[in-house]
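Take a look at the structure below.
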2 protein chains.
Amino acid sequence: MKKPIPFETGCHQCTVRMHSVFNVLQGDQLVEMNMYKSCNVYKKGQYVFAENGLPTGLFCVNSGKVKITTTGYDGKEQILRLAKSGDIVGYRALISNERYASSAVTLEDASICVIDKDYFFKVMESTPKLMFEVVKKISQDLKTAEDHIVSLSQKNVRERMAEALLFLKATYGLEEDLQTIQVNLTREEIADYVGTSTESCIRLLSEFNQDKIIALSGKKIKITNLPLLIQTANIED
Amino acid sequence: MKKPIPFETGCHQCTVRMHSVFNVLQGDQLVEMNMYKSCNVYKKGQYVFAENGLPTGLFCVNSGKVKITTTGYDGKEQILRLAKSGDIVGYRALISNERYASSAVTLEDASICVIDKDYFFKVMESTPKLMFEVVKKISQDLKTAEDHIVSLSQKNVRERMAEALLFLKATYGLEEDLQTIQVNLTREEIADYVGTSTESCIRLLSEFNQDKIIALSGKKIKITNLPLLIQTANIED
DNA sequence: CCTTAAACATGATTTTTGTCATGTTTTATT
DNA sequence: AATAAAACATGACAAAAATCATGTTTAAGG
């Protein structure tokens with residue numbers, strides 16, 4: 001029993017749009033955008049775009065979760081950003097008119113639209129409000145990146161690990177139990193975000209588990225003692 | 001014998017402007033901008049804006065060098081960005097409509113203009129090209145920040161220190177001898193950029209000095225063996 | 001369902017880096 | 001010029017974290 005193929009609803013009816021930079025577009029602009037966008041389905045683990053490729057459009061996540069990673073030294077992967085429904089991805093290289101410096105890979109099955117590059121630039125130019133939404137989005141990402149820099153520079157691995165769990169909670173939210181972080185990452189992926197070795201990551205999660213800060217079952221991480229986790233992250237109030 | 005007070009030349013004649021995001025403005029726009037900007041002189045070590053303050057305008061560095069720093073944990077300073085002539089500073093908080101998350105402090109005597117906040121937003125809205133220049137600038141800063149994240153996550157202190165010297169060279173250039181990095185930072189400031197302790201920073205610079213990679217005299221750092229420095233930074237080709 | 005690879009886990013060891021201590025040099029200020 | 005305060009420097013030690021090794025569990029693919 002397969003799911004029926006959904007109607008191609010178009011940008012008008014797209015509920016995700018309202019939580020994206022495109023919330024400022026209206027009426028005819030949406031009809032037009034619809035003509036320059038296409039929507040694709042991705043299986044977990046698939047590349048949306050890859051390092052070194054040339055951008056041909058802007059990606060907008062409809063559903064599913066995406067990691068933005070770059071290959072560091074000795075091929076070690078670094079997770080730079082995490083995206084979810086409503087987020088645009090692949091904008092940095094597009095705007096700078098460069099090849100991708102990072103890759104986007106789905107963390108679960110996803111549906112992602114592509115908006116044609118030339119059209120995107122045109123509508124940005126004609127709609128200052130849209131461009132300003134983009135400016136604000138990049139500014140936010142810059143803030144997040146700079147917070148990460150401070151953390152990497154000044155905190156130890158234990159603190160960063162606790163911080164990362166809080167970051168995942170803030171980014172992807174919790175399941176119905178209000179405790180379980182709503183994303184499945186391997187220990188290696190968490191390590192690639194935290195900036196540590198996989199072993200250290202595993203060890204620290206085990207420690208947090210023993211300390212009753214979290215509860216582990218498979219890839220699921222349940223935050224059982226939020227105040228203690230915040231304290232472990234050493235976050236100022 | 002004092003220097004004569006220079007004519008208030010205005011944005012028309014400003015040569016720095018051509019290397020800034022404002023290079024896209026023309027004619028009347030420059031006359032208008034002149035009415036909404038003021039220029040200030042700063043002594044070395046002065047604050048241009050301070051963490052937690054409210055932005056009232058956009059700063060544009062005329063001459064002099066500026067560090068953008070934030071206070072991390074236990075009050076430890078983190079250098080996030082370095083600015084020079086033609087760079088805009090204080091844009092992140094302004095655009096996000098937030099209080100400053102970082103401070104800007106001059107590294108030497110400087111002359112810096114402020115462009116009124118409301119006017120800046122108005123001219124951005126009416127001049128897509130200007131806003132796009134801003135988008136590109138922030139995108140670049142994001143790229144720089146993310147490169148720094150990879151470095152902090154994956155490289156050891158020695159490699160990061162070598163990388164930092166190359167970064168300073170790229171940012172501020174070299175003196176006439178084509179070897180001396182054109183900026184004076186204390187060892188502590190370098191450490192606050194690299195993400196290490198002051199002692200480790202001092203030690204590594206001494207080592208590089210012994211290894212004939214650099215030559216030290218006071219705060220001046222001369223790169224005497226660039227290939228070896230690049231190799232020490234472990235940068236891929 | 002079985003097989004294989006990936007992911008998870010943990011101990012032992014080594015390397016890296018921070019911290020503490022102490023002394024010297026440079027710079028700024030009266 | 002004298003004095004104080006930064007800034008620079010280096011050794012000794014401790015702490016943190018990576019690496020190596022090895023084994024178990026879980027998940028994926030034929």
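Keep in mind that this is a model prediction, so the values were computed, not measured. For the numbers below, each heavy atom of this structure counts, side chains included, while hydrogens, waters and symmetry mates do not. By convention in this document, chain letters (A, B, ...) are assigned in the order of the sequence lines, proteins followed by strands, and residues within each chain are numbered from 1.
- Residue-to-nucleotide proximity on DNA chain C shows that, of A:Ser153 and A:Leu185, the 5′-proximal contact is made by A:Leu185.
- Taking A:Ala104 as the reference, A:Val48, A:Phe49, A:Val66, A:Ile68 meet the side-chain contact (heavy atoms from CB on, under 4.5 Å) condition, with sequence neighbours excluded.
- With rounding to whole Å, B:Arg160 atom CZ is found 11 Å from C:dT16 atom C1'.
- B:Asn156 has its CG atom 11 Å from the P atom of C:dG18, to the nearest Å.
- Listed by first and then second residue, the ring pair (Phe, Tyr, Trp, His ring centres under 6.0 Å) pairs that reach into residues 175-201 of chain A are A:His148-A:Tyr193, A:Phe167-A:Tyr193, sequence neighbours excluded.
- A search for side-chain contact (heavy atoms from CB on, under 4.5 Å) contacts involving B:Val114 returns B:Ser38, B:Asn40, B:Phe59, not counting sequence neighbours.
- Side-chain contact between A:Leu82 and A:Leu107 is present, with heavy atoms from C-beta onward closer than 4.5 Å.
- For the pair B:Thr70 (side chain) and B:Gln78 (backbone), a donor-acceptor distance under 3.5 Å is absent.
- Distance B:Ile190 CD1 to D:dA7 P: 13 Å, rounded to the nearest Å.
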Using the 3.5 Å cut-off, write out each protein N or O paired with an N or O of nucleotides 9-14 of chain D and the distance between them.
{"unit_1": "D:dA9", "atom_1": "OP2", "unit_2": "B:Arg187", "atom_2": "NE", "d": "3.1"}
{"unit_1": "D:dA9", "atom_1": "OP2", "unit_2": "B:Arg187", "atom_2": "NH2", "d": "3.1"}
{"unit_1": "D:dT10", "atom_1": "OP2", "unit_2": "B:Ser206", "atom_2": "OG", "d": "3.1"}
{"unit_1": "D:dG11", "atom_1": "N7", "unit_2": "B:Arg203", "atom_2": "NH1", "d": "3.1"}
{"unit_1": "D:dG11", "atom_1": "O6", "unit_2": "B:Arg203", "atom_2": "NH2", "d": "3.2"}

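- Residues passing the side chain to side chain donor-acceptor pair (under 3.5 Å) test with B:Lys76, sequence neighbours excluded: B:Asp192.
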Name the pairs: protein N/O against N/O of nucleotides 23-30 of chain D, kept only if under 3.5 Å.
none

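- Every residue meeting the side chain to side chain donor-acceptor pair (under 3.5 Å) condition with A:Ser197, not counting sequence neighbours, appears here in chain and number order: A:Ser200.
- Among the protein residues, A:Thr186 comes within range of the sugar-phosphate backbone only, with heavy atoms under 4.0 Å from sugar or phosphate atoms but none that close to a base.
- One axis for each end of the helix from C:dC1-D:dG30 to C:dT30-D:dA1, each built from five base pairs, and the angle between them comes to 60° at 10° resolution.
- Here the C1' atom of nucleotide C:dG18 and the CE atom of B:Met161 are 13 Å apart, to the nearest Å.
- For residues 199-210 of chain A, the pairs satisfying salt bridge (charged side-chain N to carboxylate O under 4.0 Å, His left out) are A:Arg158-A:Glu207, with sequence neighbours left out.
- Residue pairs that meet the side-chain hydrogen bond (donor to acceptor under 3.5 Å, both in side chains) test with at least one member in residues 58-69 of chain B, sequence neighbours left out, are B:Lys65-B:Glu108, B:Lys67-B:Glu77, B:Lys67-B:Glu189.
- Under the side-chain contact (heavy atoms from CB on, under 4.5 Å) criterion, B:Ser96 pairs with A:Ser139, B:Arg92, B:Glu98, not counting sequence neighbours.
- Taking atom CD of B:Glu159 as the reference point, atom C1' of C:dT15 lies 14 Å away to the nearest angstrom.
- Following rounding to the nearest Å, A:Glu207 (CD) and C:dT10 (C1') show an atom-to-atom distance of 11 Å.
- B:Thr198 comes within contact range of no nucleotide atom at all, as no heavy-atom separation falls under 4.0 Å.
- If you measure from atom CG of B:Asn184 to atom C1' of C:dA28, you get 16 Å, rounded to the nearest angstrom.
- B:Thr56 is linked by a side-chain contact (heavy atoms from CB on, under 4.5 Å) to nothing, counting only residues two or more places apart in sequence or in another chain.
- Regarding A:Lys155, its NZ atom lies at a distance of 22 Å from the P atom of D:dA15, rounded to whole Å.
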